[in-house]
Amino acid sequence: MQTLDSYVAGKWQTGTGQPTVLSNPTTGAALAEVSSEGIDFQAVLDHARGVGGPALRALTFVERGGLLKDLSAVIHEHREELIGIGTANGGNTRGDAKFDIDGATGTLAAYARIANGLGDRPFLVDGDPIQLGRTARFSGQHVWMTRPGVAVHINAFNFPAWGMLEKAACALLAGVPVIEKPGTSTAMLAWRIARIIVASGILPEGAFQFIAGSVGDLLTRLEPLDCVAFTGSARTGALIRGIPNLVERNVRVNIEADSLNSAVLAPDVDAESDTYGIFLKYVALDMTQKAGQKCTAVRRILVPQDRVPAVTEDLVAELARTAVGDPADAAHRMGPLVNTAQLADVRAGIERLAAVCDVACGGADPIAETGCFVAPTLLVARDPEAAVIHSDEVFGPVATILPYSGAAGDAVALAVRGGGSLVTSVYSNDAAWTTEFVSGVGPWHGRVWIGSDKSAEQSLPPGMVLPTMVHGGPGRAGGGEELGGERGLELYMQRVALQGFKGLLDARFGRPNDA
Ligand code: NAP
């Protein structure tokens, strides 16, 4: 059995104490064990602050971008091996594993490209100069400066590669050293990537540390200019946000939590249209990709009530095309849930939903003698306002059809019952209806995806998180924001309002061509 160690204070360290065992969710075989007990977390922070931070801050944005480009390339060289680990420890089909791993290397490469536009000075200019005095002689200029702190990244189990590296890309480009902690149940993939990163020698020492297992008392030791970027359940997010040290010292905490995303079919979409075609395709994809263990997966499907029988039939047919089984077998399009605890959670969640819904396909019953498998499960709400549908994130291949009147306002009222979500997707060719819907749901979401005949052919699936667009959502979704191109650096930088003689501000802190 593999022992997953941690890379801290310049060396690999194996934890002491009772380890947690990681297993293969298809076969149940034990694969690895992990423990972080015995790690001196103050030494981890000191190493990042004293060694990694200064080394990163000595580089320009362009130079840091070069590091990200090299990291992307070296990780990509190991792609096949990493896909194998994703399949063994994460239950990923080849397609699911590629989604995670290529998403990770693609995001690193995207930030390497973004770096080229950020210039060779250690700050970023925000907006134009603002006249403050009687004349422009006394002016203001906002700039972003790198915070001399440490970034602690705590990731969810479902994207061990992408989750770790999308956060690392932004922090490292901003010049902040990272301490990465993956979700334990799938940590083998993140650990292997950490091994590749450290062995490559690409990053300055201290810029990247990796903790396999618990973060111990690390968060109680953070200081005002440090930050925590967390991805995981709303429950753990709330717990972390409330840690007294983080509250008292105003340590920045970015939370990416769970979300009850919706897909909304407008009444104008006819069954022969391209829009309806992508609606069926993307809803089924979102439900089954990574066995529905995706923060952006569709959980609620809003359908005009007179269309519910036909849409249900079409979605059931679409889902039936997803062969479920051993993810190592290329014939299978959906693998198991990640572990027995998730399986038990999802089965219990389906039962709670089934109490207020009709089951159109799938259900809570086991579909295999071994392995953490559950069938793609589509439900139809008897009462679309039933609280459980809008409060329980069943983190598996599970979604519920909610009948609504067809009025945009009624669709908004249901969609916002999720309490704030990461993404909503709307399918319509009616510009007025779309505008009313988007205007209503927009403030409750981090992202609104609009599908129509005009863009159907070129559209990317709504569940796909892109480095150039922000990811996050208000309320229940955690209230955080990540990525969005240059915006993704803001968590790691301080916006400073400089006020003074315009000549100095332009020359030293303005855009290069203002100087
Ligand atoms: P989780 O149980 O909340 O765990 C998330 C991370 O927090 C793990 O690394 C976990 O470590 C760590 N953790 C747990 N308790 C902690 C504590 N007291 N102090 C510090 N760290 C702690 O979530 P999960 O089951 O891994 O992930 C599934 C959830 O993540 C779903 O709800 C999903 O919607 C959400 N998610 C959201 C996004 C997004 O971008 N919004 C993306 C992906 C997933 P251990 O694994 O060692 O317990």
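Atoms within a ligand are numbered from 1 in the order they appear, just like the ligands themselves. What you see is a predicted model, and the numbers here were worked out from it, not measured in a lab.
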* To do: Write down, by chain and number, every protein residue that brings a non-hydrogen atom to less than 4.0 Å from an atom of ligand 1.
  =>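 Under the 4.0 Å cut-off, ligand 1 touches Ile154, Asn155, Ala156, Phe157, Asn158, Lys181, Pro182, Gly183, Thr184, Val215, Phe230, Thr231, Gly232, Ser233, Thr236, Leu239, Ile240, Glu256, Ala257, Asp258, Cys295, Glu393, Phe395, Leu422, His471.
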* **Set of salt bridge (charged side-chain N to carboxylate O under 4.0 Å, His left out) partners for Asp96, sequence neighbours left out** =>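 Expected list: none.
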* Are the charged groups of Arg249 and Asp226 less than 4.0 angstrom apart, N to O? -> no
* To do: Can you label the angle between the Tyr427 ring and the Trp449 ring as parallel, tilted or perpendicular, going by 30° and 60°?
  => tilted
* Which pairs, with at least one residue in residues 83-105 and sequence neighbours excluded, count as a ring pair (Phe, Tyr, Trp, His ring centres under 6.0 Å)? ->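 Those involving residues 83-105 are Phe99-Phe159.
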* Quick one: side chain to side chain contact (heavy atoms under 4.5 Å, CB included) partners of Arg195, sequence neighbours excluded? ->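 Expected list: Asp5, Trp12, Trp191, Arg192.
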* State whether the side chain of Lys181 and the backbone N or O of Gly213 hold a donor-acceptor pair below 3.5 Å, judged by distance alone. => yes
